[in-house]
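Shown next, in structure tokens, is the structure this report addresses.
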Amino acid sequence: SGVDQLGEFIAEAKVIVPFTGAGISTETGIPDFRSPGGLWTRNRPIPFDEFVASQDARDESWRRRFAMEETFAAAKPGRGHRALASLYRAGKIPAIITQNIDNLHQASGFAAGDVIELHGNTTYARCIGCGTAYDLGWVKTRFEPQQRGPDCSACGEPVKTATISFGQAMPEDEMQRAAELSQHCDLFIAIGSSLVVWPAAGFPVMAKHAGARLVIINNEPTEHDVHADLVIRHDIGQTLGPFVRN
Ligand code: OAD
Ligand code: ZN
């Protein structure tokens, strides 16, 4: 079966690089973006230029974030996160590339420096001008009275979740490290991503071209399935559960 083949690939690999999307977190209660019920089926994304230009857009963005507050706060690493953390502890995984913003790889035991967050992190905020970091409590105190997104106390520019929105520049160090990891692994496992958002979606192909075996684990077909050595079109928790070691 797919799981047996995956087990063989994992046993044979010296350097495994996982690449995760929102599908690894759905079993923790956090919705993905493009499945039925996903975030982008309910809300239109707010592009970065709109966030910069419009106080209304910033207010709406913070309303959405605080509406998800309990969902994010309650989420605990799922079987997929725990399986990857087990392989990390076993020395098979040097670092993980993720499009996720939910901090669950860190919560499962990855050192923060070994989680390459291509799309940032929603568990804290940053000023879009000077980059000062703020915790969400600081934002909430200022947001709640008038439902207005706050500005930076250092420079006056808007404060935003520390995530990457459409139209916002990708983080350079993370892009560089993700490229190096993709080119220096022998097994690359894409997990729970529709693989439609670029440049992130380029890394599985980059790894394959550099000689790695490519495995794709996702409920739905992806455009990259044709490049994969193994496609497991099945639930992530069930597929990776057997690899959890405590
Ligand atoms: P998507 O919502 O596009 O894709 C998630 C995929 O995971 C879908 O194909 C689901 O079928 C699959 N899936 C969900 N739960 C699963 C489960 N339990 N088992 C197996 N498969 C499952 O999410 P991403 O690919 O992560 O970026 O989205 C990429 C980017 O688009 C996000 O990082 C975000 C979004 O816009 C930005 O906002 C910049
Ligand atoms: Zn600032």
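All residue numbers refer to positions in the sequence shown, counting from 1. Start at 1 and go down the list; that is how both ligands and their atoms are numbered.
- Residue-ligand proximity, G192 to ligand 1, at heavy-atom distances under 4.0 Å covers atoms 5 (C), 6 (C), 7 (O).
- Under a 4.0 Å N-O distance rule, the pair R79/D235 qualifies as a salt bridge.
- Near R34, the atoms of ligand 1 lying under 4.0 angstrom from a non-hydrogen atom of the residue are 1 (P), 2 (O), 3 (O), 28 (O), 29 (C), 30 (C), 31 (O), 35 (C), 36 (O).
- Close to ligand 1: S35, with a non-hydrogen atom less than 4.0 angstrom away.
- In summary, of the residues considered (D225, T239, I217), a side chain to side chain contact (heavy atoms under 4.5 Å, CB included) with R233 occurs for D225 alone.
- With ligand atoms numbered from 1 in the order given, ligand 1 contributes 19 (N), 20 (C) to contacts under 4.0 Å with heavy atoms of H234.
- Listed for the R58 side chain is no donor-acceptor partner under 3.5 Å among the backbone atoms of R148.
- Nearest protein heavy-atom neighbour of atom 18 (N) of ligand 1: D235 OD1, 3.0 Å.
- Taking the six-membered ring for Trp and thresholds of 30 and 60 degrees, H224 and W198 have ring planes more than 60 degrees apart, a perpendicular arrangement.
- Considering backbone and side-chain N/O atoms, A22 comes within less than 3.5 Å of an N/O atom of ligand 1.
- Note: angle at the Zn ion (ligand 2), from SG of C155 to SG of C130, is 120° (rounded to 10 degrees).
- The protein heavy-atom contact nearest to atom 19 (N) of ligand 1 is I236 N, 3.0 Å.
- Considering backbone and side-chain N/O of S165, none are found under 3.5 Å from N/O of ligand 1.
- For the residue pair S193/Q99, the side-chain donor-acceptor check at 3.5 Å is satisfied.
- Here the heavy atom of the protein found nearest to atom 3 (O) of ligand 1 is S194 OG, 2.5 Å.
- Among all protein heavy atoms, the one lying closest to atom 17 (C) of ligand 1 is N219 ND2, 3.5 Å.
- Residue V197 touches ligand 1 through its side chain alone, judged by heavy-atom distances below 4.0 Å.
- Around the NE2 atom of H234, the shell of radius 6.0 Å holds more than 12 heavy atoms that belong to other residues, nucleotides or ligands.
- Judged purely by distance below 3.5 Å, without hydrogens or angles, the side chains of T122 and T163 never pair a donor atom with an acceptor atom.
- Distance from atom 36 (O) of ligand 1 to its nearest protein heavy atom, with residue and atom name: W40 NE1, 2.8 Å.
- Between SG of C152 and SG of C127, the angle at the Zn ion (ligand 2) works out to 110°, rounded to 10 degrees.
- From R65, atom CZ reaches atom CD of E60 across 14.0 Å, with rounding to the nearest 0.5 Å.
- In the vicinity of T26, heavy-atom distances shorter than 4.0 Å reach the ligand 1 atoms 14 (C), 15 (N), 16 (C), 17 (C), 18 (N).
- At least one N or O atom of S193, backbone or side chain, sits closer than 3.5 Å to an N or O atom of ligand 1.
- Here the heavy atom of the protein found nearest to atom 13 (N) of ligand 1 is G23 CA, 3.7 Å.
- In terms of protein heavy-atom proximity, atom 32 (C) of ligand 1 is closest to F33 CE1, 3.5 Å.
- Under a 3.5 Å cut-off, the side chain of D229 and the backbone N or O of L214 do form a donor-acceptor pair.
- T26 and D32 share no donor-acceptor pair across their side chains, judged by distance under 3.5 Å alone.
- Remark: I24 CD1 to L104 CG distance equals 9.0 Å, nearest 0.5 Å.
- Remark: ligand 1 atoms within the under-4.0 Å shell around heavy atoms of F166 are 36 (O).
- Residue-level proximity to ligand 1 for E27 is absent, since no heavy atom of it falls below 4.0 angstrom.
- The residues E12 and R213 are annotated as salt-bridged, a charged nitrogen and a carboxylate oxygen being separated by less than 4.0 angstrom.
- The aromatic rings of W40 and F166 sit tilted, their planes meeting at an angle between 30° and 60°.
- Between G21 and ligand 1, no N or O atom pair is found at a separation short of 3.5 Å.
- Contact annotation for H119 and ligand 1: only side-chain heavy atoms (C-beta onward) come within less than 4.0 Å of the ligand.
- Ion pair R44/E50 flagged as a salt bridge, since at least one NZ, NE, NH1 or NH2 atom sits closer than 4.0 Å to an Asp/Glu carboxylate oxygen.
- When heavy-atom distances to ligand 1 are checked against a 4.0 Å cut-off, I217 has no atom that comes that close, whether in backbone or side chain.
- With hydrogens left out, the protein atom closest to atom 7 (O) of ligand 1 is N218 OD1, 3.1 Å, a heavy atom.
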